[in-house]
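Naming: A, B, ... by sequence-line order, numbering from 1 per chain.
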Amino acid sequence: MRDAVTVAKDLLGKIFVYNTPGQVLAARIVEVEAYKGSVDEAAHSFSGVSERNEVMFRTGGFLYVYFIYGVHFCCNVVTGKEGIGDACLIRGMEPLEGIDIFSKNRFNRNDLSEKEIIMLLNGPGKICRGFNIDKRLNGIDLTGNTIYILNADKIKKSEIVTVKRVGISKSKDLPWRFYIKDNKYISKK
DNA sequence: ATCAAGATTACCT
DNA sequence: GGTAATCTTGATA
């Protein structure tokens with residue numbers, strides 16, 4: 001239950017785990033963006049509670065999943081206090097465990113080239129496709145044992161790159177996109 | 001009721 | 001570099 005910008009930077013390097021019935025899927029978070037309902041016109045929560053963004057207004061520790069462009073799901077970690085509307089969009093990940101499942105979900109085959117493995121989870125829509133995260137998981141409690149985030153070595157301040165967010169047209173100058181310096185699994189340069 | 005835009009990606013030239 | 005895919009929301013009538 002903290003500021004989305006603080007949490008965004010803290011999330012870098014942590015391990016996102018999805019315990020599916022047959023298999024554990026895990027990946028390292030390498031790129032995130034912060035969205036704040038109070039001041040940020042680009043945030044879904046900026047103009048108040050709706051059916052779609054209700055989860056974003058919950059207390060920190062829930063997963064907010066939304067559908068965009070009629071095609072893709074994106075997943076966010078809710079960070080604020082009840083009623084605030086702060087969350088972090090997960091934009092890039094390094095696959096760790098369950099690469100065969102990620103491959104199947106993304107490309108419907110195995111034995112990917114090194115280049116293709118880099119492309120498995122390097123974008124918000126790709127992450128949801130790889131993990132098979134959709135509406136079903138909107139609002140899941142991240143303190144439970146299905147999806148959760150493991151602590152890992154904290155990323156040094158000097159290794160965190162801070163830039164403007166991508167793919168938005170409002171509040172575009174806020175420097176709330178963060179990624180791990182020189183990491184291969186970033187969505188865009 | 002109709003419409004445009006959207007926290008994107010894959011595939012085409 | 002351009003654009004289709006095609007669901008949801010919020011604005012305008």
Measure across [X] and [Y] and return the closest heavy-atom pair with its distance rounded to 0.1 Å.
{"X": "A:Ile127", "Y": "A:Gly92", "result": "CD1-N, 3.7 Å"}
{"X": "A:Phe131", "Y": "A:Ala27", "result": "CZ-CB, 3.9 Å"}
{"X": "A:Asn132", "Y": "A:Arg136", "result": "O-NH2, 3.5 Å"}
{"X": "A:Ser171", "Y": "A:Ile168", "result": "O-CD1, 4.0 Å"}

Taking any heavy-atom pair under 4.0 Å as a contact, classify [X]: base, sugar-phosphate, or nothing.
{"X": "A:Phe67", "result": "sugar-phosphate"}
{"X": "A:Ser47", "result": "nothing"}
{"X": "A:Ile168", "result": "sugar-phosphate"}

Starting from [atom2] on [N], measure out to [atom1] on [X] and report it in whole angstrom.
{"X": "A:Tyr179", "N": "B:dA7", "atom1": "OH", "atom2": "P", "answer": "21 Å"}
{"X": "A:Ile133", "N": "B:dA7", "atom1": "CD1", "atom2": "P", "answer": "19 Å"}
{"X": "A:Arg52", "N": "B:dG6", "atom1": "CZ", "atom2": "P", "answer": "12 Å"}
{"X": "A:Arg165", "N": "B:dG6", "atom1": "CZ", "atom2": "C1'", "answer": "14 Å"}
{"X": "A:Tyr69", "N": "B:dT8", "atom1": "OH", "atom2": "C1'", "answer": "6 Å"}
{"X": "A:Asp40", "N": "B:dA7", "atom1": "CG", "atom2": "P", "answer": "10 Å"}
{"X": "A:Leu174", "N": "B:dA7", "atom1": "CG", "atom2": "C1'", "answer": "13 Å"}
{"X": "A:Phe73", "N": "C:dT6", "atom1": "CZ", "atom2": "P", "answer": "14 Å"}

Below the 4.0 Å mark, does B:dA5 have OP1 or OP2 next to a side-chain nitrogen or oxygen of A:Ser169? no

Check whether any side-chain nitrogen or oxygen of A:His72 sits under 4.0 Å from OP1 or OP2 of B:dT9, and answer yes or no. no

Ion pair A:Lys184/A:Glu94, N-O distance below 4.0 Å: no

NZ/NE/NH1/NH2 to OD/OE distance under 4.0 Å, A:Lys154 and A:Asp10: yes

Does DNA chain B take part in any stems of at least 3 consecutive Watson-Crick or G-U pairs (both distances under 3.5 Å), and if so, which ones? B:1-6 with C:7-12, B:8-12 with C:1-5

Out of C:dA5, C:dT9, B:dA7, which nucleotide sits closest to the side chain of A:Met56? B:dA7

So which nucleotide from B:dA7, C:dC7, C:dT9 ends up closest to the side chain of A:Arg91? B:dA7

When A:Trp176 is tested against each of A:Lys36, A:Lys164, A:Lys9 for side-chain contact (heavy atoms from CB on, under 4.5 Å), which residue passes? A:Lys36

Using the test side chain to side chain donor-acceptor pair (under 3.5 Å), find all partners of A:Ser158 that sit at least two apart in sequence or belong to another chain. none

Whether the side chain of A:Tyr66 and the base of B:dA7 hold a donor-acceptor pair under 3.5 Å is what I'd like checked. yes

What residues 97-126 of chain A contributes to the DNA chain C interface at heavy-atom separation below 4.0 Å is none

Determine the Euclidean distance between corresponding C1' atoms of C:dT3 and B:dA5; express it in Å to zero decimal places. 16 Å

Using the C1' atom as the reference point in each nucleotide, state the distance between C:dG1 and B:dA7 in Å, no decimals. 23 Å

Distance in Å, A:Asn138 CG paired with A:Leu63 CG, rounded so as to fall on 0.5 Å steps: 7.5 Å

Parallel, tilted or perpendicular for A:Phe73 and A:Phe67, by the 30°/60° rule? tilted

